[in-house]
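Quick caveat, the model's predicted, so the values are computed rather than measured. One-based numbering, in listed order, for ligands and for the atoms of each.
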Amino acid sequence: MNVAIIGSGGREHSISLKLSESKTVKNIYVIPGNPGTKNIAKNVQIKPENQKEIVKFCSEQKIDLVIIGPEKPLTDGLADLLRQSGFYVFGPSKEAARIEGEKSFAKNLMKKYSVPTAEFEIFTKENYENAVTYLHAVNYPIVIKANGIAAGKGVIIADTFEDAREALKECLINSSFGSAGDTVVIEEFMTGQEASIFAITDGEDFILLPAVQDHKRIHDGDKGKNTGGMGAYAPTPFVTKEIENFVAEKIIRPTLDAMKIEGKPFNGCLYCGLMLTPQGPKVVEYNCRFGDPETQVVLPLLDGDFFDLIYSAAKGKINKESVHYNDGSAITVVLASRGYPDSSESGVEIQGLEKFPIQAVHVIHAGTKEADGKIFTNGGRVLNIVSAINTNDLKLCKEKVYQVIPEIYFDGMQYRKDISDKALINL
Ligand code: AMP
Ligand code: GLY
């Protein structure tokens, strides 16, 4: 089988690595890929927005399955064009990707179909004054979210009325998030542990992969600014069997049913971001794709044939027996550039990478580039160091990952030292 993967981050490197283990997969192409995917697949220099060129390439190379990694090509409708051209695609249509691309769509869907989530109201530019009035009546803290995709920056947690009004003004009046902020969701602040669960689905039936805990803030102890994710571990003990069953029956199943009823069946990976509140699990957000860096710790925990899982889902009848959890555990730590998440340095040489063949502790490339045989930084999140073992022992897993990080170096490198500590403290 010939597989094409769209994207260039750590998630896509991780997916390529997993697919390279499948006996049925002959060729893997990553469009455009990164220096890490180059070692296990063929990188193809086409930009994800060049949809027609992607279709042409897939025809020429007789691609059997296309996996779309990031949200942007999905919300831009790449899956639709590929399907219309006769390809099997793992990833939702443009209409179904609205579940991530438009928070107001996701919130209204959850309300209509009784999926547990934070209480909310939606306001647009035109009713700014009503939104301010509403802010007088709510409890604090309160959460204000830009409706569209805002590079992980569109969520503001306001402790006071003044902060909330300021955030509202930034979104609706000053257009700080562009058109993504023309509509806002104002929602209740929830407390509890956060967890992410991926449902792999053919639009009707699904399986859940091991639950993950991401670490979104830049500094240890969940301090500082929100990022795309500074590290993750799986499985998270906060998601018990009982919680997993609840998520399957009260969140994922009704959501998939709702999407079908609304004429937007969801095929691909439905990422469910959860808050485990004292009243039970509630949805913080949906994403329409695999998480990054969550994927880097979920895939090493799957035995069986991952290709078969997603190929069968893409074809419309998921083979739920194709993979199973291997009783292991995994941690990834993100090595980020100086200045991230506000800015990021690029072009800084990375040293020590040659010491990492693919084994229990391995390196996934996220934001790197190659020149003259050397590897340089190329973005905020640069590398993901992944430790995966075949026992469920997060303590050991953590020791292994942090032992090897000092072997790698680039000027300005920053990383969190406490990935998985929340679970270790509670064990
Ligand atoms: P999102 O981009 O929707 O995942 O939000 C980013 C982060 O903001 C989440 O991971 C949470 O930590 C936090 N957050 C979002 N919504 C809420 C909420 N209603 N209550 C508390 N924290 C939230
Ligand atoms: N790590 C969060 C995300 O992929 O959206």
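Under a 4.0 Å criterion applied to the non-hydrogen atoms of F189, ligand 1 contributes the atoms 20 (N), 21 (C). Within the listing of ligand 1, atoms 3 (O), 15 (C), 16 (N) sit less than 4.0 angstrom from a heavy atom of K145. Less than 4.0 angstrom separates some heavy atom of E187 from each of these atoms of ligand 1: 16 (N), 17 (C), 18 (C), 19 (N). With ligand atoms numbered from 1 in the order given, ligand 1 contributes 15 (C), 16 (N) to contacts under 4.0 Å with heavy atoms of V284. Of all atoms in ligand 1, numbered sequentially from 1 with element shown, those under 4.0 Å from a heavy atom of K216 are 4 (O), 10 (O). Ligand 1 places these atoms under 4.0 Å from at least one heavy atom of N226: 6 (C), 7 (C).
Only the side chain of M275 comes within contact range of ligand 1, with a heavy atom under 4.0 Å; no backbone atom does. By the criterion of a heavy-atom distance under 4.0 Å, neither the backbone nor the side chain of D214 is placed next to ligand 1. When heavy-atom distances to ligand 1 are checked against a 4.0 Å cut-off, M190 comes that close through both its backbone and its side chain.
Summarising the contacts of atom 8 (O) of ligand 1 with I186, T227, V155, the nearest heavy atom is found in V155.
Checking E294, E71, E100 one by one against Y271, the side chain to side chain donor-acceptor pair (under 3.5 Å) holds for a single residue, E294.
Between the side chain of S337 and the backbone N or O of E345, at least one donor-acceptor pair lies under 3.5 Å. Of the possible polar contacts, one joining the R217 side chain to the G224 backbone as a donor-acceptor pair under 3.5 Å is found. Without hydrogens or angle criteria, R381 side chain to G229 main chain gives a donor-acceptor distance under 3.5 Å. Side chain of K107 to main chain of A118: a donor-acceptor pair is present (N/O by atom type, distance under 3.5 Å, no hydrogens or angles). With hydrogens and angles ignored, the 3.5 Å screen pairs no side-chain donor or acceptor of N245 with any backbone N or O of E242.
For K369, the NZ atom sits in a packed shell: over 12 heavy atoms of surrounding residues, nucleotides or ligands are nearer than 6.0 Å.
Residues satisfying the salt bridge (charged side-chain N to carboxylate O under 4.0 Å, His left out) criterion with E204, sequence neighbours excluded, are K260. Judged as a salt bridge (charged side-chain N to carboxylate O under 4.0 Å, His left out), and not counting sequence neighbours, the contacts of D182 are K125.
Of the polar atoms of E285, at least one N or O is found under 3.5 Å from an N or O of ligand 1, judged by distance alone.
Applying the side chain to side chain donor-acceptor pair (under 3.5 Å) test to every pair with at least one member in residues 130-146, sequence neighbours left out, gives these pairs: K145-E187.
Relative to the six-membered ring of F105, R98 meets both conditions, a distance below 6.0 Å and an angle of at most 45° to the axis.
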Distances for all N or O pairs of ligand 2 and the protein under 3.5 Å?
{"unit_1": "ligand 2", "atom_1": "1 (N)", "unit_2": "D214", "atom_2": "OD2", "d": "2.9"}
{"unit_1": "ligand 2", "atom_1": "1 (N)", "unit_2": "G228", "atom_2": "O", "d": "3.1"}
{"unit_1": "ligand 2", "atom_1": "1 (N)", "unit_2": "D292", "atom_2": "O", "d": "2.9"}
{"unit_1": "ligand 2", "atom_1": "1 (N)", "unit_2": "E294", "atom_2": "OE1", "d": "2.9"}
{"unit_1": "ligand 2", "atom_1": "1 (N)", "unit_2": "E294", "atom_2": "OE2", "d": "3.3"}
{"unit_1": "ligand 2", "atom_1": "4 (O)", "unit_2": "R289", "atom_2": "NH1", "d": "2.9"}
{"unit_1": "ligand 2", "atom_1": "4 (O)", "unit_2": "D292", "atom_2": "N", "d": "2.9"}
{"unit_1": "ligand 2", "atom_1": "5 (O)", "unit_2": "N287", "atom_2": "ND2", "d": "3.2"}
{"unit_1": "ligand 2", "atom_1": "5 (O)", "unit_2": "R289", "atom_2": "NH1", "d": "3.4"}
{"unit_1": "ligand 2", "atom_1": "5 (O)", "unit_2": "R289", "atom_2": "NH2", "d": "3.0"}

